[in-house]
Novice: 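Can you keep this structure in mind? I'll have questions shortly.
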Protein chains: 2
Amino acid sequence: MTNEIEMDLDTASPLERRIHEFYAALPPAERKLADLVLQFPGDLAAYSATELSELAGVSKAAVTRFFKRIGFASFDEARRQSREARDRGSPIYLATSAQSGTVGPVDPGTFFNDEIQALQRTLHKLDAAAVARVCTRIAGARRIVVIGHRNSYHLAGYLRGLLGQIRPNVLLFPGPGETPGDHLADLGAEDLVIVVAMRRRRAQISNIMKSVADLGVPIVLITDPTARGLPALAKETLVCETASGFLFDTYTPAHAVLRLLAVDLSRQLGQKGRTHLKAIERLHEQLNELEQ
Amino acid sequence: MTNEIEMDLDTASPLERRIHEFYAALPPAERKLADLVLQFPGDLAAYSATELSELAGVSKAAVTRFFKRIGFASFDEARRQSREARDRGSPIYLATSAQSGTVGPVDPGTFFNDEIQALQRTLHKLDAAAVARVCTRIAGARRIVVIGHRNSYHLAGYLRGLLGQIRPNVLLFPGPGETPGDHLADLGAEDLVIVVAMRRRRAQISNIMKSVADLGVPIVLITDPTARGLPALAKETLVCETASGFLFDTYTPAHAVLRLLAVDLSRQLGQKGRTHLKAIERLHEQLNELEQ
DNA sequence: CCGCCTATAAAACAGTAGTTTCAATTATGT
DNA sequence: ACATAATTGAAACTACTGTTTTATAGGCGG
């Protein structure tokens with residue numbers, strides 16, 4: 001090859017850049033591949049060269065030639081780089097490298113980016129069907145008790161507030177000065193317990209869940225990926241990412257999931273729930289409590 | 001409750017669900033793998049079984065056994081399913097328009113996209129210098145009282161929790177059964193009041209801020225773009241977006257901003273080597289300690 | 001029309017991925 | 001304590017991946 005020098009300049013540039021660079025000079029079959037890859041941004045790394053060839057309707061050999069033509073040593077190198085480019089933004093990467101350890105003011109843009117990535121990871125792992133099932137349970141339950149300790153207390157309170165706007169008989173546990181059993185003792189199979197248990201849980205939460213489960217009360221668990229034994233005790237589990245490149249876990253994904261539940265539930269209940277919501281708003285207006 | 005419509009078994013049992021189902025019965029080596037996969041930030045499908053075995057520190061054989069044990073025909077089937085699940089949630093495939101008016105279940109991807117947009121709008125309007133000034137005030141205040149009602153109560157509680165981990169004398173107001181004045185009466189100019197007042201404020205908050213300001217106590221206000229008269233009463237104001245295409249306002253941007261304050265503050269205190277540094281170190285230890 | 005070059009896919013090839021086997025090791029039950 | 005079962009990694013194995021080779025077809029200038 002004549003352009004050896006240009007080659008090593010390329011090593012740092014991302015995949016798409018290279019494609020565009022060579023796009024005009026690409027033969028038909030390889031252009032098909034280029035179009036496919038550009039249309040599939042993100043997880044090239046998840047596909048094999050054989051699959052790409054099938055999706056593009058070209059031969060396997062074309063795939064090999066294509067990636068060599070745009071400057072990679074091999075398809076495997078392209079895959080690896082694509083994957084690493086994706087993971088580089090990951091909070092776990094950041095945690096071990098620059099951001100977490102550095103001193104000095106935090107760049108808000110970097111910080112928000114970190115939050116957004118946590119949201120995306122949560123979405124990626126979120127089971128939409130499970131969300132729907134949880135909503136059905138919430139809609140159908142006679143009473144609902146929301147449980148959350150420590151870090152999860154505010155989340156639990158938030159969820160209670162949301163659900164309380166949509167349907168009656170939603171309780172927060174523990175309320176101020178309550179001891180275990182106050183609300184839990186007389187629960188039954190028609191009721192529902194929602195446990196919010198994000199990282200740094202108390203061991204106690206496991207015991208509570210066990211005794212609740214023994215009563216035959218279904219449990220919905222909202223937790224982070226590090227929960228190990230807990231999901232086995234629950235009927236449904238929704239996992240929210242908490243890992244962040246910065247100090248303190250993030251609970252924005254959990255926040256989003258809780259609101260998603262509320263939004264979905266209100267849709268599911270349709271007019272019935274909406275009237276409840278409207279009723280509350282009208283009440284507030286009448287009491288003149290609202291500023292605007 | 002009657003059982004819902006039966007679903008496609010393949011799509012109804014995503015990877016994580018299966019892992020949790022079998023987790024308790026997993027032998028040590030395979031449990032290592034389970035933990036790795038659960039905490040995996042990126043896309044499982046982008047990694048090979050060999051790489052997973054190396055990352056988890058087990059043999060390749062263990063990877064094969066693991067995926068078979070949790071119910072997949074092979075590693076390849078697991079990879080394929082994981083990949084398909086990811087593509088379903090990929091932002092590119094989702095309509096960007098909010099579906100506020102429509103009925104029917106909410107698509108999680110669209111919903112999360114909505115949240116992300118709210119975060120980005122917040123970031124754009126955020127004044128980084130104001131964040132820094134607020135941090136300086138928080139660092140220097142003798143006592144801090146965090147105030148939040150209604151929708152803002154959980155946010156206020158969250159902020160109190162964060163700040164309480166970093167510095168002493170951070171109070172939440174109102175605590176359970178407290179009346180206005182309990183904490184506020186003896187505040188002075190060296191103290192700081194942080195008011196969290198997102199939309200659907202009570203008119204009362206304005207009165208509280210006035211009387212606090214009359215005492216000469218500086219106020220930091222965290223609110224949404226609809227706040228009218230309030231910022232005039234505060235020394236600093238941080239604005240967080242709450243508007244959403246879906247039912248209910250979103251508080252994830254507010255959440256993010258609060259955590260940003262805490263992160264920034266901890267850096268600021270650490271950098272200046274103040275007396276709280278020791279507390280910060282302890283915090284790091286706490287956050288790093290393994291649990292459960 | 002012809003030689004030359006490029007593009008392409010099919011087939012041969014080499015390397016590696018994931019699986020299976022197996023012996024050593026560790027748990028478990030009696 | 002013993003025997004049995006389960007777990008594990010190393011190594012043999014197989015199947016498939018990506019690459020290279022090869023032959024054919026097509027384009028372009030002479």
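In what follows, chains carry the letters A, B, and so on, assigned in the order in which the sequence lines appear, proteins first and then strands, with residues in each chain numbered from 1.
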Novice: Please confirm whether the ring centroid of Y251(A) lies under 6.0 Å from the ring centroid of H255(B).
Specialist: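 When the ring centroids of Y251(A) and H255(B) are compared, they turn out to be at least 6.0 Å apart.
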
Novice: Indicate whether any N or O donor in one side chain lies under 3.5 Å from an N or O acceptor in the other, for D224(A) and T226(A).
Specialist: yes

Novice: Has R259(B) got its NZ or CZ under 6.0 Å from the middle of the six-membered ring of F246(A), at an angle within 45 degrees of the ring axis?
Specialist: no

Novice: Report yes or no: does D191(A) contribute a side-chain atom to a donor-acceptor pair with the main-chain N or O of R143(A) at less than 3.5 Å?
Specialist: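 At least one qualifying donor-acceptor pair exists.
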
Novice: Among side-chain atoms of T223(A) and R201(A), is any donor-acceptor pair under 3.5 angstrom?
Specialist: yes

Novice: Across nucleotides 7-24 of chain C, 5' to 3', mark each nucleotide with B, S or - according to how protein heavy atoms within less than 4.0 Å reach it.
Specialist: SBBB-------BBB----

Novice: When you look at D35(B) and K32(B), which way does the salt bridge (charged side-chain N to carboxylate O under 4.0 Å, His left out) test go after all the steps?
Specialist: CA-CA 5 Å; D35(B) 291 341; K32(B) 277 192 194 171; over 6 Å; no

Novice: So which pairs with a foot in residues 53-69 of chain B pass salt bridge (charged side-chain N to carboxylate O under 4.0 Å, His left out), sequence neighbours left out?
Specialist: E30(B)-R69(B)

Novice: First and last nucleotide of DNA chain D touching chain B, 5' to 3', heavy-atom cut-off 4.0 Å?
Specialist: dT7(D) to dA10(D)

